[in-house]
Structure formats: structure tokens, C-alpha cells
Amino acid sequence: EKGGFRSFMDKEIHDQPQAVADTLLGRTDASGRLVLDEVRIDEALLRAVDKIVVVACGTAAYAGHVAKYAIEHWCRIPVEVELAHEFRYRDPVVDERTLVVAVSQSGETMDTLMAVRHAREQGAQVLAIVNTHGSTIPRESDAVLYTHAGPEIAVASTKAFLAQITAAYLLGLYLAQLRGNMYADEVASILGELRAIPDKIQQVLDREGRVREIARWMADTQSVLFLGRHVGFPVAMEGALKLKELAYIHAEGFAAGELKHGPIALIEPGQPVFVVVPSPRGRHSLHSKVVSNIQEIRARGARTLVIAEEGDEAVRPYADEVFSVPQAPTLLAPLLAVVPLQIFACELATAKGLDVDQPRNLAKSVTVE
Ligand code: M6R
């Protein structure tokens with residue numbers, strides 16, 4: 001059932017164009033308007049929502065971080081992202097006007113389930129973004145938006161992560177449409193960009209050879225750092241998590257802007273650092289700031305492994321290696337930028353002779369608190 005791949009994880013990485021396409025499928029009506037029938041929460045309640053809190057763990061929480069940037073930008077609703085196990089015990093301020101979004105591949109994560117229960121006790125509406133039909137979290141939520149990634153077997157989450165981000169975008173666009181934050185043609189145009197993403201993921205996969213080669217060369221590495229900014233920040237965190245859980249290598253993700261507040265002290269000659277570079281076409285000046293970060297760490301001897309948009313020539317002089325991804329709107333770019341990082345972790349762990357589908361000490365779904 002591995003479809004000719006060495007591992008389920010390899011297969012699931014390659015399933016990602018389909019996972020995103022399937023999650024988008026059938027979610028518009030004949031006029032192109034976004035319809036999320038599964039979201040059974042009363043429209044008047046959704047219009048009145050004044051705060052969104054995403055609760056999740058691990059990779060699903062990083063999907064929530066990406067969602068925060070998109071939903072705040074599109075809907076102008078404040079979005080908090082909280083690890084479910086922290087949310088539950090902190091006496092969070094939630095009420096009837098809070099929409100709690102629980103993100104979970106398995107739908108069985110006990111920490112996330114406890115957060116759902118706690119939120120509902122406080123009167124919040126809970127919407128679950130879940131991959132596994134018939135699981136507990138959607139049963140205990142007010143509504144569910146299913147990701148259509150198909151069964152995910154490998155312990156490390158890959159295609160479910162992309163599907164979670166995609167579903168969160170749909171939720172953001174739906175709320176923006178419902179609340180009048182966006183015109184119908186704006187929503188339609190972003191949906192069009194989203195539909196173009198699966199082919200672009202495929203282009204990233206078609207070029208995976210170089211990432212794999214570098215990963216094999218790095219099999220003896222002791223520590224890898226990951227930097228990103230804006231939506232690239234959760235991508236960096238996810239890249240680090242993948243490397244920890246699969247290759248048992250010390251890895252840390254940082255917000256690039258935080259570098260000078262401490263982490264830059266870690267940079268010494270030969271330290272590998274992945275940097276997720278924002279699009280040079282983005283509205284902010286973030287691209288040049290991240291390019292400056294690359295210069296700063298390179299000057300201190302870091303080995304810079306850069307994920308950048310195709311055609312971004314500004315990064316080349318400071319990059320030891322550039323992994324290009326196709327152009328996409330800034331908010332959607334995580335669906336592309338994370339893919340080389342998944343492949344890197346998977347290949348490096350395989351080169352170390354490790355079982356990427358069943359990393360030590362981990363379970364696919366964590367059903368204890
Ligand atoms: O099933 P869930 O999405 O609720 O699981 C959440 C985390 O346990 C999960 O994402 C975990 O971090 C993975 N091992 C990441 O690859």
C-alpha cells in the first residue's frame with residue numbers, strides 16, 4: 001500500500017497535491033460562491049464572533065499559526081493560537097462570541113478534546129478541522145470542516161498539515177464572505193490561486209532530488225536551525241519539528257526577527273540554517289529584512305539553506321543552497337515552502353537508517369493527557 005514508495009511518509013508527501021485538491025473540492029456553488037454546508041453554526045452567531053481561538057497540538061498547531069495570519073488579514077477578527085494542553089488549564093477568556101477552532105488530524109488527541117470540552121462549557125462555539133471521519137473531536141464539536149487528506153499512516157504529519165492549512169483558508173474566506181469583509185470577486189480570486197496550488201506542489205516534488213542529496217550529505221549533522229518570518233515562521237517551526245521527530249537531531253525554529261534578541265549567539269562556523277524567505281513581491285518589506293538576516297548569519301559562518309520563490313535573485317549571493325518554490329500569494333506560500341523541509345527530514349532520517357514511519361517514543365495519536 002506504499003504505492004512503490006520506501007515509506008508511508010514518502011508516499012504521503014507525494015499525496016499532497018491530491019490532499020489539497022480534495023480538500024478544496026465541492027466547496028463552491030454554481031455561481032462560484034464558497035459554501036461550507038458542514039459548518040452548521042448559525043450564520044448570525046458567526047457574524048457576531050469577535051474572537052477566534054485555535055486549539056491544537058504539534059503540527060496541527062502550526063497549521064493554526066498559518067491560519068492566524070490569513071484569518072486576521074481577511075476577516076479582521078483577532079485570532080489566538082494556543083496549544084490545547086495550555087489553553088485548558090489557564091482559565092481562558094472565552095464566551096458565546098468566541099469561535100474556538102480545534103485542529104486535529106486524528107480527531108482523538110486527548111489534549112485537544114479536553115480543550116474542546118472546556119470551551120463549550122464556557123459557551124463558545126466549537127468548529128473542528130479534522131481528517132478522520134467518525135472520530136471523537138468532531139462528535140463533541142458544534143460543527144466540523146473535514147480535511148480530505150485521506151488516511152495518514154506515518155506518525156509524522158505531512159499531507160494532513162497541508163490539508164489543515166487549506167481548510168483553515170476556506171474557513172477564513174467563508175467568514176470574510178459572510179461578514180462582508182471581502183467582495184465576492186476577491187474571494188473567488190483567492191480560491192482560484194488556491195486551486196493552482198496542487199500543481200505547484202507537484203513542481204516542488206518534481207525537484208526533490210537536490211533536497212534529498214543535501215539531506216544525505218548532512219546525515220551526521222548535530223543541530224539544524226530554521227528561520228522564518230510572517231507565515232514563514234510556523235513553516236520554520238514545522239521544519240524543526242519534522243527533523244526532531246524523524247531524525248532525532250536537535251532542531252529549533254525561530255522567528256527571523258528574533259535572531260538578534262538571542263539566537264544569533266548560536267551561530268558558529270558550519271552551523272546549518274534553513275531560511276524560509278518571503279516573496280519579494282509581498283506588500284511588506286519583509287523580503288529584504290530576511291535577506292539581511294541571511295547575510296548576518298552567513299558572515300558568522302552559517303551554512304545557509306534557503307527556500308525562496310522562483311526568480312528571487314537577491315538571495316543567491318548569500319545562500320549556500322537555494323531550493324526554489326513556484327510563485328504564490330504570500331498567505332498561501334506555506335503550502336509550498338514546507339514541502340522541501342518535509343523531504344529533507346524524511347531523507348536525512350532514512351539516510352541514518354531510521355524508521356521514518358514509526359519514530360521512537362511517538363504514537364500516531366496521543367490519546368492520553
Ligand atoms: O491528530 P492530531 O492532529 O491532533 O495530532 C497532533 C499532534 O500530536 C501531531 O501533529 C504530532 O505533532 C505529529 N507527530 C507531528 O508530525
Side-chain angles (χ1 to χ4, degrees), residues 1-25 59 62-63 66 105 131 147-167 169 193-218 226 228 231-232 234-236 238-243 245-247 274-277 279 305-312 319 321-329 332-351 356-357:
E1 333 111 68
K2 292 181 193 160
F5 290 97
R6 284 181 306 192
S7 60
F8 282 108
M9 186 181 178
D10 260 309
K11 175 181 181 292
E12 288 161 7
I13 288 173
H14 288 84
D15 283 345
Q16 294 185 115
Q18 197 65 49
V20 171
D22 287 349
T23 299
L24 293 171
L25 206 67
T59 291
Y62 297 139
V66 174
Q105 187 288 129
N131 196 45
T147 48
H148 298 154
E152 194 179 61
I153 310 290
V155 165
S157 188
T158 54
K159 63 176 180 173
F161 178 59
L162 266 63
Q164 285 159 354
I165 295 174
T166 304
Y169 291 148
E193 297 276 11
L194 260 174
R195 288 198 194 94
I197 292 284
D199 278 348
K200 294 180 183 182
I201 299 171
Q202 189 55 51
Q203 290 173 41
V204 179
L205 294 172
D206 291 344
R207 292 178 208 146
E208 68 178 348
R210 184 64 182 160
V211 188
R212 291 191 184 272
E213 201 176 353
I214 303 272
R216 288 194 294 271
W217 290 344
M218 288 174 64
F226 295 77
V231 286
V235 171
E238 171 63 3
L241 178 60
K242 285 279 119 16
L243 199 58
E245 62 179 344
L246 295 169
F274 272 95
V275 186
V276 181
V277 179
S279 166
L305 306 153
V306 171
I307 305 201
E309 200 175 82
E310 263 164 22
D312 182 351
E321 193 66 39
V322 179
F323 304 109
S324 308
V325 295
Q327 296 189 352
L332 310 188
L335 293 173
L336 304 173
V338 77
V339 177
L341 301 181
Q342 299 168 331
I343 295 168
F344 177 79
C346 184
E347 185 67 26
L348 197 151
T350 307
V356 294
D357 289 336

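Residue numbers run from 1 in the order of the sequence given. Bear in mind that the values here come from a model prediction, so they are computed numbers and not experimental data.
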- [ ] Evaluate the side-chain proximity of E310 to Q203: yes if any heavy-atom separation is below 4.5 Å, no if none is.
- [x] yes

- [ ] Would you please test I201 and V20 for side chain to side chain contact (heavy atoms under 4.5 Å, CB included) and show each step?
- [x] CA-CA 9 Å; I201 299 171; V20 171; 3.8 Å; yes

Open item on the list: With a 3.5 Å distance limit and no angle check, can you tell me whether E12 reaches the backbone of I153 through a side-chain donor-acceptor pair?
Closed with: yes

Task: Exercise: do D206 and Q202 side chains pair donor with acceptor under 3.5 Å - done: yes

Open item on the list: Quick test of your reading of the model: are R212 and D10 salt-bridged, counting only N-O distances below 4.0 Å?
Closed with: yes

Task: Smallest separation among heavy atoms of V66 and P234, with atom names - done: CG2-CG, 3.7 Å

Task: Spatial distance of atom CG (L336) from atom CZ (F323) [nearest 0.5 Å] - done: 15.5 Å

Task: Heavy-atom closest pair, residues A154 and F8 - done: N-CB, 4.1 Å

TODO: Report yes if some heavy atom in the side chain of I214 is under 4.5 Å from a heavy atom in the side chain of E321; otherwise report no.
DONE: yes

- [ ] Before giving the answer on side chain to side chain contact (heavy atoms under 4.5 Å, CB included), spell out for Q342 and V204 the whole-Å C-alpha distance, their side-chain angles and the decisive distance to 0.1 Å.
- [x] CA-CA 11 Å; Q342 299 168 331; V204 179; over 6 Å; no

Open item on the list: How long is the straight-line distance from CZ of F226 back to CD of E238, given to the nearest 0.5 Å?
Closed with: 10.0 Å

Open item on the list: For the CG atom of L194 and the CG atom of L332, what is their distance to the nearest 0.5 Å?
Closed with: 5.0 Å

Task: T59-K242 side chain donor-acceptor pair, cut-off 3.5 Å - done: yes

Task: Trace of the side chain to side chain contact (heavy atoms under 4.5 Å, CB included) decision for C346 with I13 - done: CA-CA 9 Å; C346 184; I13 288 173; 4.1 Å; yes

Open item on the list: Is it the case that the side chain of K200 and the backbone of Q327 share a donor-acceptor pair, with hydrogens and angles ignored and the cut-off at 3.5 Å?
Closed with: yes

Task: Which atom of A236 lies closest to which atom of V276, heavy atoms considered - done: N-CG2, 4.5 Å

Task: Exercise: identify the closest heavy-atom pair between H14 and L205 - done: CA-CD1, 3.9 Å

- [ ] Measure from the side-chain N and O atoms of E152 to the backbone N and O of T158, and report whether any donor-acceptor pair falls under 3.5 Å.
- [x] yes

Open item on the list: Would you compute the distance between atom CD1 of I197 and atom CD1 of I165 and round it to the nearest 0.5 angstrom?
Closed with: 10.5 Å

Task: Residue pair V325 / V339, side-chain heavy-atom distance below 4.5 Å - done: no

Task: L246 CG to S7 OG distance, which is reported to the nearest 0.5 Å - done: 9.0 Å

Task: Heavy-atom pair with the smallest gap, counting every atom of L162 and T166 - done: O-OG1, 2.7 Å

Task: Distance (rounded to the nearest 0.5 Å) between Q105 CD and T147 OG1 - done: 7.0 Å

Open item on the list: Between Y169 and L335, is the side chain to side chain contact (heavy atoms under 4.5 Å, CB included) condition met? List the steps.
Closed with: CA-CA 11 Å; Y169 291 148; L335 293 173; 3.7 Å; yes

Task: N131 side-chain N/O to A149 backbone N/O, donor-acceptor pair under 3.5 Å - done: yes

Task: For the student: nearest non-hydrogen atoms of R207 and P326, plus distance - done: NH1-CD, 4.3 Å

TODO: Considering only NZ, NE, NH1 and NH2 on the basic side and carboxylate oxygens on the acidic side, decide whether K11 and E1 come within less than 4.0 Å.
DONE: no

- [ ] Say whether, by atom type as modelled, one donor and one acceptor occur between the side chain of S324 and the main chain of E309 under 3.5 angstrom.
- [x] no

Open item on the list: Tell me whether D357 contacts the main-chain N or O of M9 through its side chain, where contact means a donor paired with an acceptor under 3.5 Å.
Closed with: yes

Task: Derivation and outcome, ring-ring contact (aromatic ring centres under 6.0 Å, His included), residues F344 and F274 - done: CA-CA 11 Å; F344 177 79; F274 272 95; 4.7 Å; yes

